[in-house]
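All remarks here apply to the structure that follows.
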Amino acid sequence: MSAELPDRFLSEEDLDLRSLSWEELLIWWDRFLQAAQASNDLDEFEYSHGVFAIPRRDWPEAMRPPIERDGLPPQPPQGSSG
Amino acid sequence: MSVYLELTADFNRGRLRTIVCSGQAVVLLRLAIASKDGDWILREDQESLDHVLGELGRRGARYRFGAPMDLRWLRGGWSCHLEFPHEGTRVRTDFFTRPPRVSASRLANLWQEQEGKSPPFTAAADLLLIKQTAREKDWPIVGELARLLADPADQMRHSRSARDLLALAAAHPELVVPLVRERPALAALSGGLDRLRIELERERFAAMDADAQRVQRYLAAAAGLQSVWPELERRMAELPLHQAHRLLVDSATACLPNCPTAS
């Protein structure tokens, strides 16, 4: 019966961090940080906390980068090979 | 070792100057690994700022858009943001001295509690206030943080679970009436599970709206700095951090109010 289940906010996998030793936690933490680098291009203009921590697309228009303001890719800087 | 723990140890060499906050504190509380950026509460004194900026400069950090690491802006609630490359990763570091929704007395207690701790990190009771942001993704964390609170009254003040609240009210009926004055959503305890769920969601959306309004005030106040940022960033890129910092302070003095509510 679903009425007997507790409310869940995080997954079992998340909460299983409690069962890790300190050394295991450090390894898992580092692996996450390494894997999370894959999204660096996607969150270049995002802020995780502080007073700028709302999605950049919700910033006032003049403060947004071109890709989010106009739907156009940002221009590479002068002299860039990319 | 996590780069964030290494940084924290270096920031706090000889003296407690920083407390791990936000996503990395959630890891240290063993709730989830969900953020790749580091956030610290910074002690609001000049020596702390100088030391932390020096450590970041040693690592080749550069400023991202934000306030300078300067007491005048940090006292106004601004945050500053820097990043540097480290062993093939991008390390982002965010700092503030006045975490949102944490009272001055709570903050003073936090600094006292974390003295001598390694690593020092934000306790659940403070972190759940900081995490009450406009972002949906922070609220599951708030829900689990509330479950870490030892005092049933504190759990009733902060729980996001209607089922937990009903169970707490059944176990501690004497707490309900006094706490309704602090948290009106608890009045719905008498209306049953569905009514309580709805009131908790109303409460959450109100908190999200309040945070969004807070952030919008800072964004509006930062418009002047944003207009000069592309040129400023280009000039700062050619300088070591301590010189870039001075350049940012000069620009901020001209176009970023110390406190957005006073602008």
Mind checking the CD1-CH2 spacing from I33(B) to W28(A)? Nearest 0.5 Å is all I need. 7.5 Å

Quick one, V27(B) with L25(A), criterion side chain to side chain contact (heavy atoms under 4.5 Å, CB included). Give me CA distance, side-chain angles, the key distance, then yes/no. CA-CA 9 Å; V27(B) 179; L25(A) 179 70; 4.1 Å; yes

Pick from P99(B), S2(B), S227(B): which one has the most heavy-atom pairs with chain A under 4.5 Å? S2(B)

At a heavy-atom distance under 4.5 Å, which candidate from V91(B), L5(B), L29(B) has the highest pair count against chain A? L5(B)

Is Q37(A) reaching over with its side chain to a backbone N or O of G88(B), donor-acceptor style, under 3.5 angstrom? no

Has the side chain of R30(B) got a donor or acceptor atom that lies under 3.5 Å from a matching backbone atom of L20(A)? yes

When you compare the side chain of [Y] with that of [X], does any pair of heavy atoms fall below 4.5 Å?
X	Y	result
R8(A)	P140(B)	no
L10(A)	I141(B)	yes
K36(B)	N40(A)	yes
W29(A)	V3(B)	no
H86(B)	L33(A)	no

Less than 4.5 Å to any heavy atom of chain A: does that hold for the side chain of [X], its backbone, both, or neither?
X	value
R217(B)	neither
R92(B)	side chain
E83(B)	neither
L193(B)	neither
A34(B)	backbone

Is S11(A) close to chain B through its backbone or its side chain, or both, or neither, when contacts mean heavy atoms under 4.5 Å? neither

Could you list the residues that satisfy salt bridge (Lys or Arg N to Asp or Glu O under 4.0 Å) with R204(B), not counting sequence neighbours? E136(B), E201(B)

Nearest heavy-atom approach of Q34(A) to E87(B) is NE2-O, 4.4 Å

What residues, two or more places apart in sequence or in another chain, satisfy side-chain hydrogen bond (donor to acceptor under 3.5 Å, both in side chains) together with Y4(B)? none

